[in-house]
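Here's the structure we're looking at; comments come further down.
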Amino acid sequence: LTPVTLELGGKSPVVIDATANLRHAANRIVWSSFINAGQTCVRPDFCLVEEPIAKKFINQLKKTIEEFYTKNPQKSKFFGRCINDAAFSRLEKTILGEKDYLIYGGTCVNSDRYIQPTLFYYSIDNFLQRPIMQREIFGPLLPITSYKKIEEALQVIKKLPTGKPLALYV
């Protein structure tokens, strides 16, 4: 027998509706999205949030990031670094390309391979066309969009350019 490691990945969505306990959801999403600096294959890769609660949820995400990692995650012993220079460069390039949608974070320190937990917000109309949605992120970047009806969220998931997600969180 030959030992084999199988790496699975994809763009695993999180759907948050108006019935969600936002603090509880933010705790779980921040922990799972940013553990090991977002370098896990089943991490939530993007959020679909019901429109009436989107602003409130995003504020809770920001608050939770600071609770978990302080206002300066680079100094936190609980926040990881990019695995190598190539991963750092790829993520930094993504942040620069998506800077118009940046709503939190975005700090990159090459010498430390540090990328701050970073949030982006997009209109659902152009969400799937954005470069950040074209492949698995594998880093501490979290794109967010909002939906009016659950059918919109389901259409986004069904039309992912990366195919079927490895996991789906609700």
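Throughout, numbering of the chain's residues begins at 1 and tracks the sequence. The shown structure was predicted, so the numbers you read here are calculated from the model rather than taken from an experiment.
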Give, for atom [atom1] of [X] and atom [atom2] of [Y], the distance between the pair rounded to the nearest 0.5 Å.
| X | Y | atom1 | atom2 | value |
| --- | --- | --- | --- | --- |
| D17 | I53 | CG | CD1 | 6.5 Å |
| S12 | D45 | OG | CG | 6.5 Å |
| Q74 | C108 | CD | SG | 10.5 Å |

Fill in: Of all pairs that satisfy side-chain hydrogen bond (donor to acceptor under 3.5 Å, both in side chains), the ones with a partner from residues 81-96, not counting sequence neighbours
R81-D112
Item to complete: Would you check, one step at a time, whether the test side-chain contact (heavy atoms from CB on, under 4.5 Å) holds for S33 with R43?
Response: CA-CA 5 Å; S33 293; R43 69 162 282 218; 3.9 Å; yes
Practice prompt. Identify the heavy atoms of F79 and P73 that sit nearest to each other, and give their distance.
Written response: CB-O, 3.7 Å
Fill in: Shortest non-hydrogen separation from Y147 to I124 and the atoms involved
CB-CD1, 3.9 Å
Discussion item. Walk me through whether I137 and L142 qualify under side-chain contact (heavy atoms from CB on, under 4.5 Å).
Written reply: CA-CA 8 Å; I137 295 170; L142 187 62; over 6 Å; no
Practice prompt. Would you check, one step at a time, whether the test side-chain contact (heavy atoms from CB on, under 4.5 Å) holds for F68 with N27?
Written response: CA-CA 9 Å; F68 281 22; N27 283 349; 3.9 Å; yes
Tell me every residue that passes side-chain contact (heavy atoms from CB on, under 4.5 Å) with [X], counting only those two or more places apart in sequence or in another chain.
| X | result |
| --- | --- |
| S111 | V109 |
| K63 | Q60, E67 |
| N126 | Y101, Y122, S123, Q129, R130 |

Worksheet item: Restricting to pairs with a member in residues 16-63, which pass ring-ring contact (aromatic ring centres under 6.0 Å, His included), not counting sequence neighbours?
Response: F46-F127
Worksheet item: With distance as the sole criterion, is a donor-acceptor pair present between the side chains of T107 and Y114 under 3.5 Å?
Response: no
Residues 150-161 side chain polar contacts: donor-acceptor under 3.5 Å, at least two apart:
from: E152; atom 1: OE1; to: K148; atom 2: N; distance (Å): 2.5
from: E152; atom 1: OE1; to: K149; atom 2: N; distance (Å): 3.1

Item to complete: Report, as yes or no, whether the 6.0 Å neighbourhood of atom CD1 on I83 holds more than 12 heavy atoms from other residues, nucleotides or ligands.
Response: no
Fill in: Shared hydrophobic cluster for V170 and L22 (ILVMFWY, side-chain gaps under 4.5 Å)
no
